Amino acid sequence: HSQPLLRRMPAGNLLLSAAILLSGSTYSKTERMADLLSMPIFCESEFNRIQKSYLFPTVNDYWTMHQTALLSILQDTDLILGGDARSDSPGHSAKYTSYTMMDLTTKLIIDQQLVSLSMPDVDNSVVMEKVALDKSLDFLITSRMNIHTLATDRHTGVQSLMDKKYPQIKHQFDVWHVAKSIKKKLHEKAQKKDA
């Protein structure tokens, strides 16, 4: 009760919720720490409400403003992009995939797309990377960006998408992924008796 109020909400609730979200921590870890300190904090449902009502819209608005400025600066350049996906779990059991596009010249992230297994155009977790890349490329092309080259991993769905839908974009494989594949094959050969 000693803290100031922001529109009838304790300021500490908003600040602690923002700190949890922006630090990449979780409510449960923070709650455990607060319990050890005998420090009362708000419940998890309040944390989720604050995120949904205040934090997510604010982060989204800031990202949209930042992305718009970046795209206007890069609009007249031939972009050389790197793209990769990150899923919420390894293997073929992912429910969410985030695809990130980086301009390799400036090292700036220019787009991110989130795809869920529950979306109508997503049949399974294997196709999420392709769908997310397609959404990203559609957005960038609609924003009148000139994409010259795109480096990705060696996902077969991505290769097919680039060949069929975006033949005007020079598609290359990321050197790290190529080297990883060669290393894996060499390792497998070295495991044999006669190697």
Side-chain angles (χ1 to χ4, degrees), residues 1-74 81-103 106-143 145 152 155 157-158:
H1 296 287
S2 64
Q3 58 186 310
L5 297 177
L6 299 169
R7 296 184 189 172
R8 295 182 291 167
M9 180 193 344
N13 291 9
L14 180 63
L15 293 172
L16 183 57
S17 296
I20 293 169
L21 176 69
L22 299 176
S23 69
S25 189
T26 62
Y27 176 84
S28 59
K29 286 181 182 177
T30 305
E31 183 184 38
R32 262 185 275 145
M33 181 195 70
D35 284 346
L36 291 170
L37 296 171
S38 298
M39 182 177 82
I41 63 170
F42 49 87
C43 64
E44 189 168 10
S45 62
E46 176 69 0
F47 169 69
N48 292 329
R49 187 192 69 75
I50 291 170
Q51 275 193 120
K52 185 177 179 184
S53 300
Y54 301 101
L55 302 178
F56 290 161
T58 302
V59 169
N60 190 57
D61 290 348
Y62 183 82
W63 164 248
T64 303
M65 179 189 69
H66 180 71
Q67 184 182 36
T68 302
L70 283 177
L71 294 180
S72 68
I73 291 168
L74 298 171
L81 302 178
D84 201 11
R86 178 157 179 105
S87 297
D88 63 332
S89 62
H92 300 292
S93 60
K95 292 183 182 175
Y96 299 96
T97 293
S98 170
Y99 202 90
T100 304
M101 292 286 244
M102 175 191 269
D103 174 39
T106 61
K107 307 288 189 258
L108 295 170
I109 302 297
I110 63 170
D111 190 43
Q112 249 186 338
Q113 296 290 331
L114 181 65
V115 174
S116 165
L117 200 53
S118 64
M119 296 171 84
D121 53 345
V122 179
D123 299 330
N124 56 57
S125 60
V126 176
V127 300
M128 286 197 295
E129 182 169 352
K130 181 184 90 164
V131 170
L133 170 61
D134 191 26
K135 286 177 66 167
S136 187
L137 288 172
D138 278 347
F139 169 75
L140 292 171
I141 290 169
T142 303
S143 300
M145 304 307 292
T152 67
H155 188 282
V158 167

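Note that the structure is predicted; figures quoted are calculated from it, not measured.
Interatomic distance, NZ of Lys95 versus OG of Ser125, reported as 11.0 Å (0.5 Å rounding). Atom CG of Asn13 is separated from atom CD1 of Ile41 by 9.0 Å, given to the nearest 0.5 angstrom. Summarising the geometry, atom NZ belonging to Lys29 is positioned 11.5 Å from atom CD1 belonging to Ile20; distances are rounded to the nearest 0.5 Å. Note that CD of Glu31 is 11.0 Å distant from CG of Leu36, once rounded to the nearest 0.5 Å. The OG atom of Ser28 sits 12.0 Å away from the CE atom of Met33 when rounded to the nearest 0.5 Å. Taking CG from Leu70 and OG from Ser143, the interatomic distance works out to 12.0 Å, rounded to the nearest 0.5 Å.
No side-chain heavy atom of Ile73 sits less than 4.5 Å from a side-chain heavy atom of Leu108. Counting heavy atoms from C-beta outward, Glu129 and Asp84 have side chains that approach closer than 4.5 Å. Taking the side chain as every heavy atom from C-beta outward, Met9 and Leu14 approach each other to under 4.5 Å. Here the side chains of Val122 and Thr97 are not in contact, with every heavy-atom distance at 4.5 Å or above.
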Name each donor-acceptor pair under 3.5 Å that joins a side chain in residues 50-63 to protein atoms two or more places apart or in another chain, with its distance.
residue : atom : partner : partner atom : Å
Ser53   : OG   : Arg49   : O            : 3.0
Thr58   : OG1  : Tyr54   : O            : 2.6

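Under a cut-off of 6.0 angstrom, the local environment of CZ in Phe42 is crowded, with over 12 non-hydrogen atoms contributed by other residues, nucleotides or ligands.
Residues that satisfy the salt bridge (Lys or Arg N to Asp or Glu O under 4.0 Å) test with Glu44, not counting sequence neighbours, are absent from this structure.
Between the side chain of His155 and the main chain of Val126, a donor-acceptor pair closer than 3.5 Å is present. Under the 3.5 Å distance criterion, the side-chain polar atoms of Thr68 are matched with a main-chain donor or acceptor of Thr64. Judged by distance alone, with hydrogens and angles left aside, the side-chain atoms of Gln112 form no donor-acceptor pair with the main-chain N or O of Tyr99 at under 3.5 Å. Thr30 contributes a side-chain N or O that, together with a main-chain N or O of Thr26, makes up a donor-acceptor pair within less than 3.5 Å.
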| said: Would Val115 and Lys135 count as a side chain to side chain contact (heavy atoms under 4.5 Å, CB included) here? Give the steps. | reply: CA-CA 9 Å; Val115 174; Lys135 286 177 66 167; 4.2 Å; yes

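When each of Asp111, Leu71, Leu137 is tested with Met145 by the rule side-chain contact (heavy atoms from CB on, under 4.5 Å), just one qualifies, namely Leu71.
Between Met119 and Leu114, the shortest heavy-atom contact is SD-O, 4.3 Å. In this structure, Ala19 and Ser23 approach most closely via the heavy-atom pair O-OG, 2.8 Å. The two atoms that bring Ala94 and Ser89 nearest to each other are CA-OG, 3.4 Å, heavy atoms only. Listed here is the closest heavy atom pair of Met128 and Leu117: SD-N, 3.7 Å.
Applying the ring pair (Phe, Tyr, Trp, His ring centres under 6.0 Å) test to residues at least two apart or on different chains, the pairs with a partner in residues 6-35 are Tyr27-Phe47.
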